[in-house]
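Because only heavy atoms are used, hydrogens play no part in the values below, and waters and symmetry mates are left out as well, while side chains stay in. Reminder, nothing fancy here: chain letters follow the sequence lines and each chain counts from 1.
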Number of protein chains: 2
Amino acid sequence: MLSIGELSIKTGVKVPTIRYYEQMNLVTAPERSEGNQRRYTTVELERLTFIKHARDLGLKIDAIRELLDLSAHPEQPCADANRIAEDHLSATRKRIAQLQRLEAELMRITEGCHGDSIKDCYVIQSLSDHALCKDTH
Amino acid sequence: MLSIGELSIKTGVKVPTIRYYEQMNLVTAPERSEGNQRRYTTVELERLTFIKHARDLGLKIDAIRELLDLSAHPEQPCADANRIAEDHLSATRKRIAQLQRLEAELMRITEGCHGDSIKDCYVIQSLSDHALCKDTH
DNA sequence: TCTTGATGCTCTAGTCACTAGAGAGATTAT
DNA sequence: ATAATCTCTCTAGTGACTAGAGCATCAAGA
């Protein structure tokens, strides 16, 4: 039986976050000690590890909830689980591409500034005048 | 004189967002019509364009506030403005690198799944068992 | 047994940058 | 004059936590 603090250390999920997940019904409320403190078993440890891992991969709580529901039905086909992971992969790729465009523009802005007072500052000018942008964004 | 709706169309910032910015003191409260509706001049149009542009680049409101303060003092050196832009550039690069690690792991997970029911699903297994991860994250 | 310090409890409120909706008033076009 | 569209203020909700107050419980040492 683990206390919430021990579970926190084992999973890397902070104590208030564990309580928050319980409130959101992402993990079920565990047994309590005589003094009303939470006591966890390995079942909950595994479930929380799953959640932590999925969160680290950037999956949203709703997606995780769906995956947890799926994993409770081991005889069902796994196409849905794959779809969730693939959707997230494609969203991740889009985000990377977007950030790379921003990176390019930020480089252009910071490298372009050779003035030394604000009135000549390319950073400020670039932000003021959209026409100075190379790409649309 | 522009109404809030016209300003919204010209800048691409939604109407409730403009009012929100006013509440946050990011833009100053404009004049009002006789019937108490907001009326904007080109000064506000330019300022909001600046804000929109900076937000599109992913700058946080606080950073934008700082840049706006800087641009109000044209004789000051522009080192601070450059620093803000460069900080954001380096944060963007870190985020890109992180997302690329996630992309790699998501690819590994989705491509690795050749089972057809949940109990053999590599997606679910990967999330359950951190030891299956190649990299730490 | 007593004490002490760490840990745990619940509850409320704050974060960020908006977004949604209600219900009323203003403006514009016909 | 009327209808359609805007605009007003206000409150509350989003996601995924985080912070803090004020109190209770637990484990270990003296």
Which sits closer to the 5' end of DNA chain D, B:Ile4 or A:Gly35, going by the nucleotide each is nearest to?
-> B:Ile4
Let me know, please, whether B:Asn36 or A:Tyr21 comes out on the 5' side of the other along DNA chain D by nearest nucleotide.
-> B:Asn36
Examine [N]: is either OP1 or OP2 under 4.0 Å from a nitrogen or oxygen in the side chain of [X]? Give yes or no.
X       : N      : value
B:Arg19 : D:dC6  : no
B:Ser3  : D:dT7  : yes
A:Lys14 : D:dT18 : yes
B:Tyr20 : C:dC16 : no
B:Thr17 : C:dA17 : no
A:Ser33 : D:dC26 : yes

Between C:dG25, C:dC9, C:dT19, spot the one nearest the side chain of B:Gln37, thanks.
-> C:dG25
Output yes when [X] and [Y] qualify as a salt bridge under the 4.0 Å nitrogen-oxygen rule, no when they do not.
X        : Y        : answer
B:Glu105 : B:Arg108 : yes
A:Arg65  : A:Asp69  : no
B:Arg83  : B:Asp87  : yes
A:Arg38  : A:Glu31  : no

Assign each of B:Pro16 and A:Val15 the nucleotide of DNA chain C bearing its closest heavy atom; nearer the 5' end lies the nucleotide of A:Val15
Looking across every strand, which nucleic acid part, if any, lies under 4.0 Å from B:Arg38 by heavy atom: base, sugar-phosphate, or nothing?
-> sugar-phosphate
So what does A:Arg55 hit on the nucleic acid, given a heavy-atom distance under 4.0 Å: a base, only sugar-phosphate, or nothing?
-> sugar-phosphate
Please give, in whole Å, the distance from [N] [atom2] to [X] [atom1]?
X       : N      : atom1 : atom2 : result
A:Arg32 : D:dT25 : CZ    : P     : 12 Å
A:Asn25 : D:dA16 : CG    : C1'   : 15 Å
B:Met1  : C:dA26 : CE    : C1'   : 16 Å
A:Glu34 : D:dA24 : CD    : P     : 18 Å
B:Glu22 : C:dT19 : CD    : C1'   : 17 Å
A:Leu2  : D:dA27 : CG    : C1'   : 16 Å
A:Ile64 : D:dG15 : CD1   : P     : 13 Å
A:Ile18 : D:dA16 : CD1   : P     : 17 Å

Which of B:Leu7, B:Val27, B:Leu48 passes side-chain contact (heavy atoms from CB on, under 4.5 Å) with B:Val13? It is B:Leu48
